[in-house]
> 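Structure provided below as structure tokens; questions to follow.
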Amino acid sequence: AKAVLHKNCTGHSAQIARGKLCGRCPLKPANLPWYNKAKSKITLESLFLQPFHTRERGNTMSRFQAGALVVYGNLGVHEVEGVGLRRFCDEPAREYYTLRPYFSDSHDRSYIPTAKEGALRPVRSAEQITEELERIKAEELPTPVSQNQAMLAEHYQAMLHTNDFYQYLTLFKELGQKQTQQQSRGRKINAMDAYFYQMVERVLQEELAVTFGESHQKAGRRLLEVLH
């Protein structure tokens, strides 16, 4: 398969062929149902950080312009640095978004074809976030429990792949409540649950910090209120 969401294509296809991920690509849903993967060795690297699966769209004007802030799936808030034609490897030139991680001084850049901009969404407004924080506080959620780790991973991945703010809140609350229950019973927190919890917490904190113009610490405290 050809990677379309990566910062630099040099050697990327070879890495994928060897099963080594670049660490800059977001999640995609699994190709097979969980029950067909029971014999596969499950690792954090094999479950996470794979490219999004997006639909092509027709040749229309780009949805996002330079300077726009967008949420790039589980990679968090990014700024659109520019929109223009680029050529990678032997592919023909296409129009790409150039994305910069908003909360990083890194020189890393991500490039995503404008035809596959479904992997991006605009940062939500303060009014929208406030309303959805109140909504999730009042919602009673079941605790995700299963002896089959692959099945749980598929559930978590499916929620992350929506790139929807409320779905991310739901996953955050589900995992937060589950960890609280485990700690109250003197049990060790599951490593996979902790991984997903930290991932969704980081993305939500970034969006709250941008929208409300506050620090990550204050955004984190605002977020924790949904667990009480």
Side-chain angles (χ1 to χ4, degrees), residues 26-30 32-35 37-38 42 44 47-50 52-53 69-77 103 118-228:
L27 297 164
K28 78 169 185 177
L32 295 173
W34 64 267
Y35 47 78
K37 300 182 190 177
I42 300 174
L44 292 180
L47 292 174
F48 321 129
L49 301 176
Q50 300 178 34
F52 261 114
H53 200 55
L69 295 182
V70 297
V71 179
Y72 184 18
N74 61 292
L75 294 181
V77 177
F103 289 102
L120 309 175
R121 68 169 175 82
V123 170
R124 297 182 78 72
S125 69
E127 293 77 10
Q128 290 172 321
I129 289 180
T130 299
E131 179 183 339
E132 296 192 337
L133 286 174
E134 291 301 318
R135 177 182 163 199
I136 194 68
K137 284 180 189 178
E139 189 167 348
E140 295 291 333
L141 299 175
T143 301
V145 177
S146 174
Q147 295 300 316
N148 189 308
Q149 293 295 287
M151 186 175 183
L152 276 179
E154 294 240 349
H155 169 67
Y156 301 155
Q157 285 178 318
M159 297 185 75
L160 285 172
H161 187 251
T162 64
N163 197 21
D164 177 80
F165 180 79
Y166 195 78
Q167 289 298 310
Y168 273 51
L169 277 180
T170 300
L171 180 58
F172 175 78
K173 185 171 182 178
E174 283 184 358
L175 289 172
Q177 291 178 337
K178 184 176 181 180
Q179 291 184 19
T180 299
Q181 291 174 6
Q182 289 173 330
Q183 290 175 326
S184 67
R185 297 169 184 170
R187 296 180 180 176
K188 185 177 179 180
I189 295 176
N190 180 278
M192 185 180 73
D193 289 346
Y195 187 94
F196 274 111
Y197 178 84
Q198 292 167 8
M199 179 189 295
V200 73
E201 179 185 41
R202 175 184 55 79
V203 175
L204 290 170
Q205 279 185 2
E206 288 189 4
E207 189 161 7
L208 265 63
V210 163
T211 298
F212 293 104
E214 58 192 18
S215 67
H216 276 63
Q217 291 74 22
K218 189 171 182 179
R221 291 193 294 270
R222 186 192 296 268
L223 191 57
L224 286 174
E225 292 177 4
V226 308
L227 301 180
H228 305 294

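Start at 1 with the first residue, then count along the sequence. Values reported hereafter were calculated over all heavy atoms of this structure, with side chains retained and with hydrogens, waters and symmetry mates removed.
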> Rounded to the nearest 0.5 Å, how far apart are CG of Leu175 and CZ of Phe196?
8.5 Å

> Strictly distance-based, threshold 3.5 Å: is any side-chain N or O of Tyr197 a donor or acceptor partner for the main-chain N or O of Phe172?
no

> So which heavy atom on Ala209 is nearest to which on Ala219, and how close?
N-CB, 3.9 Å

> Between atom CD of Glu134 and atom CD1 of Ile129, what is the distance when rounded to the nearest 0.5 Å?
13.0 Å

> Using the side-chain contact (heavy atoms from CB on, under 4.5 Å) rule, take Glu174 and Leu171 through it: C-alpha gap first, then chi angles, then the decisive distance, then the call.
CA-CA 5 Å; Glu174 283 184 358; Leu171 180 58; 4.3 Å; yes

> Between Glu206 and Val77, what is the shortest heavy-atom contact and its length?
OE1-N, 2.8 Å

> Check Ala194 against Ile189 and note the closest heavy-atom contact, atom names and distance.
CB-CG2, 4.1 Å

> side-chain contact (heavy atoms from CB on, under 4.5 Å) with Ala158: which residues, sequence neighbours excluded?
none

> Are any of the side-chain heavy atoms of Arg202 and Phe103 separated by less than 4.5 Å?
no

> For Glu132 versus Phe165, what's the shortest heavy-atom pair and its separation?
OE1-CD2, 2.9 Å

> Should the heavy atoms of other residues, nucleotides or ligands under 6.0 Å from NZ of Lys137 be counted, would the total exceed 12?
yes

> Is any side-chain heavy atom of Val200 closer than 4.5 Å to one of Tyr156?
no

> Counting neighbours of CD on Glu139 that are heavy atoms of other residues, nucleotides or ligands and sit closer than 6.0 Å, is the number greater than 12?
yes

> Examine distances only and state if a side-chain atom of Thr211 and a backbone atom of Arg124 form a donor-acceptor pair shorter than 3.5 Å.
yes

> Taking the side chain as C-beta and beyond, is there a heavy-atom pair between Leu227 and Thr180 under 4.5 Å?
no

> Quick one about Asn74 and Tyr168 (side-chain donor to acceptor, distance below 3.5 Å, no hydrogens or angles considered), yes or no?
no

> Hey, does the side chain of Lys178 reach the backbone of Pro144 with a donor-acceptor pair shorter than 3.5 angstrom?
yes

> Donor-acceptor pair, distance only, cut-off 3.5 Å: does the side chain of Lys173 make one with the backbone of Ile136?
yes

> To the closest 0.5 Å, what do you measure between CZ (Arg187) and CD (Gln181)?
9.5 Å

> Rounded to the nearest 0.5 Å, how far apart are CZ of Arg222 and CZ of Phe212?
4.5 Å

> Could you give the distance from CG (Leu204) to CD (Glu201), rounded to the nearest 0.5 Å?
8.5 Å

> Closer than 4.0 angstrom, basic N to acidic O: yes or no for Arg221 and Glu225?
no

> For Glu207, is there an ion pair with Arg121 - N to carboxylate O distance below 4.0 angstrom?
yes

> Got a donor-acceptor contact below 3.5 angstrom from the Thr162 side chain to the Met159 backbone?
yes

> Hey, what do you get for CE (Met192) to CG (Leu152), rounding to the nearest 0.5 Å?
4.5 Å

> Flag the pair Asp193 / Gln182 as yes when at least one side-chain heavy-atom distance between them is below 4.5 Å, and no otherwise.
yes

